[in-house]
Amino acid sequence: AQSVTQLGSHVSVSEGALVLLRCNYSSSVPPYLFWYVQYPNQGLQLLLKYTSAATLVKGINGFEAEFKKSETSFHLTKPSAHMSDAAEYFCAVSDDDKIIFGKGTRLHILP
Amino acid sequence: GAVVSQHPSWVICKSGTSVKIECRSLDFQATTMFWYRQFPKQSLMLMATSNEGSKATYEQGVEKDKFLINHASLTLSTLTVTSAHPEDSSFYICSARRYRVDGYTFGSGTRLTVV
């Protein structure tokens with residue numbers, strides 16, 4: 001069985017500050033891991049994915065995430081937050097059959 | 001890149017009527033499509049998984065007779081909410097996948113309001 005835990009339902013950072021969104025997973029098979037962003041009343045947009053290649057994954061909009069097997073983590077980071085980064089972020093894990101989402105983290109950007 | 005089109009983006013219907021939502025993969029053949037429901041300020045809840053040409057697999061607690069899923073081709077899946085009631089009002093999102101390594105591409109969602 002697979003599961004995803006996102007620590008913090010809300011995270012607030014100042015514009016220009018480091019963004020860190022935490023995600024821990026459990027999986028009985030080598031996982032594929034994803035981060036998605038959702039803006040209000042829209043679908044999900046893929047930020048980045050880990051599929052067993054490089055452990056440091058770079059995505060769109062300056063985001064990146066590092067897969068750490070020993071910590072079962074896949075935290076999302078961005079060096080400098082922008083106002084346009086305010087959105088809901090979902091971490092997800094997939095096996096061969098389906099994708100499981102975390103509960104999401106709402107990112108607030110303070111001016 | 002992979003694009004999934006979902007239509008309509010919003011719909012209002014009367015209680016007791018049926019509503020059909022379409023999900024199309026525009027530039028790839030989707031061997032598997034997924035339907036999710038999302039309540040306000042919550043995560044996505046997987047409703048069902050459909051593979052082209054076979055019956056959908058529904059998650060526990062999802063009424064298959066109420067939420068009819070058809071995946072007749074590699075580029076089209078439909079979700080029909082039958083005899084809709086106000087409690088069916090929600091945001092429905094589809095996603096499509098070709099192979100596991102490709103990841104999942106999501107539609108833009110459908111806001112259903114039953115009055």
Side-chain angles (χ1 to χ4, degrees), chain A residues 1-10 21 23 25 27 29-54 57 59-61 65 67 74 86-108, chain B residues 1-11 21 23-26 30-51 54 56-60 62 89-113:
Chain A
Q2 300 182 102
S3 66
V4 175
T5 302
Q6 290 183 242
L7 298 177
S9 58
H10 292 267
L21 303 183
C23 173
Y25 71 91
S27 176
V29 298
Y32 283 11
L33 295 160
F34 308 86
W35 274 100
Y36 287 90
V37 61
Q38 185 181 33
Y39 296 97
N41 292 311
Q42 293 188 27
L44 274 67
Q45 181 183 11
L46 179 66
L47 284 176
L48 48 80
K49 63 181 178 181
Y50 167 78
T51 57
S52 74
V57 182
I60 62 172
N61 301 339
F67 171 70
F74 190 58
E88 188 85 17
Y89 291 80
F90 293 97
C91 181
V93 61
S94 82
D95 58 12
D96 287 337
D97 295 326
K98 57 190 174 187
I99 185 169
I100 303 297
F101 289 91
K103 293 185 181 299
T105 298
R106 170 75 60 178
L107 177 63
H108 304 271
Chain B
V3 178
V4 172
S5 174
Q6 187 172 341
H7 179 81
S9 56
W10 59 270
V11 58
I21 303 170
C23 180
R24 294 181 184 271
S25 56
L26 297 186
T31 55
T32 309
M33 287 188 171
F34 306 83
W35 288 95
Y36 298 84
R37 183 173 181 175
Q38 186 179 32
F39 292 101
K41 301 187 179 186
Q42 294 190 28
S43 189
L44 281 71
M45 180 190 77
L46 179 64
M47 299 175 65
T49 302
S50 72
N51 294 292
S54 61
T57 302
Y58 290 80
E59 295 298 303
Q60 191 171 8
V62 177
S89 298
S90 190
F91 193 57
Y92 293 87
I93 305 176
C94 72
S95 73
R97 183 189 78 178
R98 185 171 57 177
Y99 304 114
R100 182 189 177 203
V101 70
D102 296 332
Y104 300 73
T105 303
F106 287 80
S108 56
T110 298
R111 172 73 60 193
L112 170 64
T113 302

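Just so we're on the same page: letters track the sequence lines, and every chain starts at 1.
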Heavy-atom neighbours of A/His108 NE2 exceed 12 at 6.0 Å: yes
By a 4.5 Å heavy-atom criterion (distance strictly below it), what part of B/Gln6 contacts chain A: side chain, backbone, both, or neither? neither
Count the heavy-atom pairs under 4.5 Å between each of B/Leu44, B/Thr32, B/Ile93 and chain A, then report the option with the highest count. B/Leu44
Where does A/Gln45 contact chain B at under 4.5 Å (heavy atoms): side chain, backbone, both or neither? neither
What residue in A/Arg106, A/Gln6, A/Gln42 has the most heavy-atom pairs under 4.5 Å with chain B? A/Gln42
At what distance, to the nearest 0.5 angstrom, does CD1 of A/Ile99 lie from CD of A/Gln2? 9.5 Å
Identify the heavy atoms of A/Val93 and A/Pro31 that sit nearest to each other, and give their distance. CG2-CB, 3.8 Å
Relative to chain B, which segment of A/Phe90 carries a heavy atom at a distance below 4.5 Å: side chain, backbone, both, or neither? side chain
Rounded to the nearest 0.5 Å, what separation is found between the OG1 atom of A/Thr51 and the CG atom of A/Leu33? 10.0 Å
So, A/Tyr50 versus A/Phe67, ring centres under 6.0 angstrom or not? yes
